[in-house]
Amino acid sequence: MPETSGDPLAKGAGPYDLLVVGGGINGAGIARDAVGRGLSVLLVEQDDLAAHTSSASTKLIHGGLRYLEYYEFGLVRKALQEREVLLRLAPHIMWPLRFVMPHMPDLRPAWLIRAGLFLYDHLARRERLPGSRGIDMRRHPAGAPLRGDIRRGFVYSDGWVQDARLVVLNAQDAAERGGTVLTRTRLVGAERGEAFWTAQLQASEGGPVREVRARAIVNAAGPWVGHLLGDVLRQSAAYKVRMVKGSHIVTRKLFDHDHAYIFQNRDKRIIFAIPFESEFTLIGTTDIEYEGDPAQVRISDDEIHYLCACASEYFTRPVTPEDVVWTYAGVRPLLEEEVANPSAVTRDYKLELDAPGTRAPLLSVFGGKITTYRRLAEEALSLLREPLGITKTDWTMAAPLPGGDMPGADAARYLDALRKQYPWLPETLARRYTRTYGTRTAVLLADARALGDLGACLFGDLYEAELRYQVRHEWARAAEDVLWRRTKLGLHAGAEGAARVQAWLDAHRRTDSVHAPATRSTPA
């Protein structure tokens, strides 16, 4: 298992077949797919992996039930198909989740909801997820936290995902298969030639500009796709993105059962209330036009009040801004359409290939959603097949992501085996490792035979061994990388815990030179 530290460009690598710009889910997915087809790939990301849009989702692998109202049948079907695929490939960071929709007769009639759920159940084949059904809210556990006059509801299935980890695992797999991944590295310029792009790269904090050559560039810069095209690559585009802000709030848990809620609102939007990190509830999202710097997006007080008010329409105990323990917001770079309502803007994507004659090709990605990233990557490589002479066929549908190679794609069975192999590991920590690293937990634990072998505890159940693993294999460089993207331990760290993590990272960034074991072993 190669390490992620160091400076690969210092080795004089290249030229590359493909330079992928953007370390969100689309860029990481394309890089992984391309490396697996035998291409030499360099992925660059100006910040951390999943630093922006791809860590600010509602964290669902879903078809998008509400998109049926906008007649997006093709998108929903494609997403439902991918939902089944992804649940098999990464069972440690994705799992099925049941959703409860309380029936509000004055918002949508029951027959319309039943019809929509019937379509949702049958637009694509289901193997792992149960279908929808009606429920009596007075008898179902999900009815207990809700208003007493809500007597009827519906239950259906979708999936949960640790979104930022999905990005990291795609990048990790690309690197392990021979690709090069550089975080905190900007593309600052590029010149197009007959056979190659000559690209200028610079560390985001400054320093010398270095040149690399690549036969093709993929622009997967998300909210920056237009900026990269016009200001850096000096090319025109056939499509534009419409930036829509989505914000979320997190409260202490509002209910004890394991179902999520989908709430209808009087403005025709919906919000979710989802069990989150065992002790919390995630509520979101908003849809607001955004015109500022995507890197500076923040939730507004109005959005906090809006989400609290929407949830309070359903829960017996009102949700107030004082209940909020964490917030996050991101910009969705949606494909531009002539519609007034941001919620109605398509979540589908377009790929634009610019390959004039013998000139080096440029592929740009507009729009998309996390659920369909793998399919998007396949389509991107299909477009590049002729310009780059790609001969290998699609392969990612059956290839588990790092840590996902569990017997039967069964995380519960793996957890049982892990606890037998490491009986000294506390149950809660074993469960968290399973749901974070999957079979790569064996790499993290290495030869540890007792809890003390994991090093010092920085706070809670975060030990040095986990930090060392993230630095070596997951490009973690800052406390925020560790606490809010690789994990959600920031909910427990506090300012003191975060400072300890940053101090450890600063101290070990250059001194930690021990080689990690190249194993993918699963506990027997």
Taking atom types as modelled, find out whether R186 and Q202 have a side-chain donor-acceptor pair closer than 3.5 angstrom. no
Kindly indicate, with the supporting measurements, whether the criterion salt bridge (Lys or Arg N to Asp or Glu O under 4.0 Å) is fulfilled by E480 and R485. CA-CA 7 Å; E480 187 175 0; R485 286 185 283 274; 3.5 Å; yes
Taking R77 for the side chain and G63 for the main chain, is one N or O donor matched with an acceptor at less than 3.5 Å? no
Please check if any side-chain donor atom of D163 sits under 3.5 Å from a side-chain acceptor atom of S55, or the reverse. no
No-hydrogen, no-angle side-chain donor-acceptor test under 3.5 Å, T285 and R332: yes
Charged tip of R435 within 45° of W95 ring normal and under 6.0 Å: yes
Could you tell me whether the side chains of D461 and Y433 share a donor-acceptor contact shorter than 3.5 Å? no
Answer with yes or no whether the side chains of T198 and R213 bring together a donor and an acceptor at under 3.5 Å. no
Please work out whether the ring planes of W326 and F276 are parallel, tilted or perpendicular, with thresholds of 30° and 60°. parallel
Is the number of heavy atoms from other residues, nucleotides or ligands within 6.0 Å of CD (E211) greater than 12? yes
Quick one: CZ on R37 to CZ on R177, what's the gap to the nearest 0.5 Å? 12.0 Å
Quick one: sort the H62 and Y67 rings into parallel, tilted or perpendicular, breaks at 30° and 60°. tilted
Please test R374 against E378 for salt bridge (Lys or Arg N to Asp or Glu O under 4.0 Å), starting from the C-alpha separation and ending with a verdict. CA-CA 6 Å; R374 193 199 63 83; E378 283 187 343; 2.7 Å; yes
Does the ring of Y328 carry K488 above it, NZ/CZ under 6.0 angstrom from centre and within 45° of its axis? no
Please determine, by modelled atom types, if N170 and Y373 share a side-chain donor-acceptor pair under 3.5 angstrom. yes
Regarding R66 and the six-membered ring of F272, is the cationic atom NZ or CZ under 6.0 Å from the ring centre and inside 45° of its axis? no
